[in-house]
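One structure is given below, encoded as structure tokens.
All values below were derived from every heavy atom in this structure, side-chain atoms included, with hydrogens, water molecules and symmetry-related copies excluded. Within every chain, numbering begins at 1; the chains are lettered A, B, ... in the order of the sequence lines, protein sequences first and strands thereafter. Bear in mind that the values here come from a model prediction, so they are computed numbers and not experimental data.
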Amino acid sequence: MQQPKLKSKVRCTDRDIGEVTKVVLDPLSHEISHIVVSMNGSGERQVGMGHVQAVMEDLVELRAPSSDIAALPPFRRDDYVTTHEVEISHLEDNLHVTPGEVLVPFPALEKDVKRRTFFMNFTHVIGFLIGLPMAYPILRFLMKPMYMPFDNEWLQVGNVSKIKQDDLGVQFQYKKKVKEAYMPESEVEKSVWVLKASSEVRDKVYQGKDQEFRDAFGKLIWTNKKDFPYIAFSGKCPHLGCAFKWRQHKTLGQVFLCPCHLSIYDASGKVLDGPAPRALDALPIRVSASGEVEVVDMEFKAGVKSQIRIV
Amino acid sequence: MEQPSVPNAQPTTVEKLILFLDARVGLKEMQAKMLNEPIPGGSRWAYVFGSILLFIFAMQALTGILLMFYYVPTADHAYASTQYIIHDVDYGWFLLGYHFWGSSAMVVCVIAHMSQVFLWGAYKPPRELLWLVGLALFGIVIGFGFTGYLLPWDQRAYWATTVGVEMVDKVPVLGDFLARFLKGGPTPGQMTLSRFFVIHVMILPAALMALAGLHLFLFRVAAPAGPFSGTPEEIKAKTDYFFPRQIWKDMVGMAAVFATICGLAFWEPVVLLDEATPDPGEYHPEPEWYFLFYFQLLRLKIFSGEFGQLMGAVVVPVAFMLLLIALPFFDKDPERNIFKRPIALITWIFIMAMIAIFTVSSIINREFLD
């Protein structure tokens, strides 16, 4: 059935009773639920769509006599709000109460414009040409500090007299000078774990081979000899980069334990338990005649099986 | 028609101003449209979380802007300036505490809001886009938390960032680039602080405002979903407008959240740990409480080794988000009643239980570390 239109005549089974002055909409179904009829000026009546027999171009036929409609209670305008005063989504999709099209004149200058598509695409090209020379500079701008050459300086971290017992993790805290971009030079606190290793532990670490350290160009920096008693481990856990500690474990004895995700390593750095993917990272170490320990501060990528140096 | 009490009275200046503005921008229609949104089935306490989130964000923006009057985002001053806010600036402890606890409230209410939408089946067609924009907003809230707690530059900040960025590093192919990009170098330092600061105070707020606007727009276009049970007649009989009943409930919710955050800021003030340094001393690194369950999850044996870490740090969270993104596209069953959607109900209970169990077990684990 067509939707009833405003100003349509309303005809009962016996006679015309006026015209449609308003329509009432169901806000959930978006269907017209009632029409409001003028009753030829003697008070408006609200008529449910159930009373409607047929809807024609400008006529609504009801299936009741005019006396039945006149007997309905008068229409109460205060019970309703207009659709402008309330948000009803997709109203236009469902409702066609406007009696005809609403038009505005089309400007004369717009009538014969050719190459609309060309101008549209031209706009996009100009936008692209503005964006293109910006993209690479922006990327490079943000990438400036990301990659830095490795620093292979030897750093003094303490004296071996601090180590009282073999195969015992001893933390050496030291200060490292850093100069970052525009910042004033500052000192950060870092730490390495040094142990005086027994021959069994040394065998586990070096597996019978000297350990070589090379710089970014493959040039040899240092070799840790397999029979040298002191071993230094980077303080960074190879799991996700936290700092591990030397702890008493109730079943495993003295171990390196990372408090973050509970990776556990023995004195040789081998993984005993927890999520770590590789053993602790041994660093280049040398000890002077007076017992001063020096290391090269290196950091390796966490979370991977192989050692990949990043600092 | 109501008669004015004094016939032919001249309008007051305020009334003239309102008429002037209304004639030019249609204020009254705008206000009517904002307030008179029909809520199928009527207002409910369950619907308060969206408004509360908007309120929390407004307060975070306010307190955040105020904190920037004193905070300095440099590695040599961030810690000192935060301490200055806490100890020397009048009510600095309160505004920082509010901002700190406000972030927790944000996470709690996001979870509540998402749970409500999930349990009510309100993500189903035609509200897929609304759900997707909501997920993006969820990501932004997590991003706020992660970038925010680096800023005080204390030990918690430093180690949470170290671990978080190492997890980004596990992304296949791009991971190394992304991690360095976030850190602005091989290790956390000044560049990291600068980047996190810009992300926290410029990029994320802009993104959140744009997406929250889109979220509201899509919500209005799609119209509220309403209750998941009841006949159309029952729902229609109970329908009311956004104003006043729902707004009243929203206001009560906001007041309760405000009081809770103020109480926490007062009784649990922010205490900074030692200044950030690559040597944690006796500190046991731990993330913010709402990341604890995930932190504990990564301790599991199944996430050990290189492959396990890829699973734990990348595959599991990405797969979870993808599942949430795909949800409205494979769950097209129009049934919205949660009691007739056993898989959805069990899944939700399972996820909430897992979060609770892993959070509690990580707290229990603390004892064994000391």
Side-chain angles (χ1 to χ4, degrees), chain A residues 26-29 81 84-90 142-148 150 171 173-174 176 178 180-184 186 188-191 235-236 239-243 245 247 250 257-263 271 273-278 299 301-306 308-311, chain B residues 28-29 32-34 36-38 40 74-76 159 162-163 165-167 169-170 176-177 180-181 183-187 189-191 195 220-223 226 232 235-236 239 241 277-286 295 298-301 303-310 312-313 365 369:
Chain A
D26 182 314
L28 295 183
S29 70
V81 290
H84 294 292
E85 296 166 79
V86 55
E87 178 130 350
I88 309 249
S89 50
H90 299 295
L142 292 174
M143 277 174 64
K144 156 75 181 156
M146 284 168 58
Y147 299 91
M148 270 181 240
F150 297 142
Q171 191 173 29
Q173 279 156 321
Y174 62 99
K176 186 186 182 185
V178 292
E180 211 184 341
Y182 48 81
M183 296 293 284
S186 62
V188 294
E189 287 162 26
K190 298 195 76 167
S191 64
K236 183 177 153 172
H239 174 236
L240 281 176
C242 281
K245 300 176 175 165
R247 278 293 145 95
K250 56 183 183 296
L257 166 77
C258 181
C260 282
H261 303 94
L262 312 181
S263 292
V271 181
D273 197 9
R278 67 162 190 270
E299 283 184 33
K301 191 185 274 293
V304 286
K305 268 187 205 135
S306 48
I308 303 168
R309 188 173 171 189
I310 55 171
V311 173
Chain B
K28 284 179 180 162
E29 186 179 321
K33 286 217 167 199
M34 272 195 241
N36 299 341
E37 182 192 31
T74 62
D76 55 353
W159 292 101
T162 300
V163 173
V165 176
E166 285 290 355
M167 285 165 61
D169 187 276
K170 303 287 106 54
D176 182 68
F177 179 85
R180 283 173 186 268
F181 192 83
K183 284 184 284 191
T187 48
Q190 174 57 45
M191 297 302 152
R195 280 160 191 245
R220 279 300 178 95
V221 170
I235 290 173
K236 201 159 113 187
T239 294
Y241 285 169
T277 159
D279 171 36
E282 279 310 295
Y283 170 61
H284 292 155
E286 218 180 52
F295 172 71
L298 290 179
R299 288 171 165 171
L300 292 182
K301 225 26 192 180
F303 296 129
S304 64
E306 194 171 324
F307 178 72
Q309 275 199 283
L310 175 69
N365 243 316
L369 289 173

Return the [atom1] to [atom2] distance between [X] and [Y], rounded to the nearest 0.5 Å.
| X | Y | atom1 | atom2 | value |
| --- | --- | --- | --- | --- |
| A:E180 | B:D76 | CD | CG | 10.5 Å |
| B:T277 | A:K176 | OG1 | NZ | 12.0 Å |
| A:L28 | B:I235 | CG | CD1 | 8.0 Å |
| B:L298 | A:L262 | CG | CG | 11.0 Å |
| B:E37 | A:I88 | CD | CD1 | 10.0 Å |
| A:I308 | B:D169 | CD1 | CG | 8.5 Å |

Answer yes or no: are there more than 12 heavy-atom neighbours, outside B:K33 itself, under 6.0 Å from its atom NZ?
yes
Counting only heavy atoms not in A:Y147, do more than 12 sit closer than 6.0 Å to its OH atom?
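Buried by this count: over 12 neighbours within 6.0 Å.
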Structural part of [X] lying under 4.5 Å from a heavy atom of chain B:
| X | answer |
| --- | --- |
| A:K236 | side chain |
| A:V81 | side chain |
| A:D273 | both |

For [X] and [Y], which heavy atoms make the closest approach, and how far apart are they?
| X | Y | answer |
| --- | --- | --- |
| B:P186 | A:M148 | CD-CE, 3.8 Å |
| B:E282 | A:R247 | OE1-NH2, 3.1 Å |
| A:P275 | B:S304 | CA-CB, 3.2 Å |
| B:A75 | A:M183 | N-CE, 4.0 Å |
| B:R180 | A:M146 | NH1-O, 3.1 Å |

Checking A:C258 now: which residues fulfil disulfide bond (SG atoms under 2.5 Å apart) with it, not counting sequence neighbours?
none
Ignoring hydrogens and angles, tell me if any N or O in the side chain of [X] forms a donor-acceptor pair with the backbone of [Y] under 3.5 Å.
| X | Y | answer |
| --- | --- | --- |
| B:K170 | A:A302 | yes |
| B:R299 | A:C260 | yes |
| B:E306 | A:K305 | yes |

Below 4.5 Å from any heavy atom of chain A, which atoms of [X] appear? Answer side chain, backbone, both or neither.
| X | value |
| --- | --- |
| B:F177 | both |
| B:R195 | side chain |
| B:M167 | both |
| B:F303 | backbone |

Scored by heavy-atom pairs under 4.5 Å with chain B, the best of A:V311, A:D26, A:V178, A:V271 is A:D26
With respect to chain B, which residue among A:K301, A:R278, A:K250 yields the maximal number of heavy-atom pairs within a distance under 4.5 Å?
A:K301
Side chain to side chain contact (heavy atoms under 4.5 Å, CB included) assessment of B:V163 paired with A:C242:
CA-CA 7 Å; B:V163 173; A:C242 281; 3.4 Å; yes
Best-contacting candidate, [options], against chain A by heavy atom pairs under 4.5 angstrom:
| options | result |
| --- | --- |
| B:G226, B:G312, B:G189 | B:G189 |
| B:G305, B:A223, B:P232 | B:G305 |
| B:T239, B:L310, B:D176, B:L300 | B:D176 |

Stepwise, does the side chain to side chain contact (heavy atoms under 4.5 Å, CB included) test hold for A:V304 with B:Q309?
CA-CA 8 Å; A:V304 286; B:Q309 275 199 283; over 6 Å; no
Verdict with supporting geometry, B:M191 and A:K144, side chain to side chain contact (heavy atoms under 4.5 Å, CB included)
CA-CA 10 Å; B:M191 297 302 152; A:K144 156 75 181 156; over 6 Å; no
Are A:H239 and B:E166 close enough that a side-chain donor and a side-chain acceptor fall under 3.5 Å?
no
Does any part of the side chain of A:S186, heavy atoms only, come nearer than 4.5 Å to the side chain of B:Q190, both counted from C-beta?
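Of all side-chain heavy-atom pairs linking A:S186 with B:Q190, none is under 4.5 Å.
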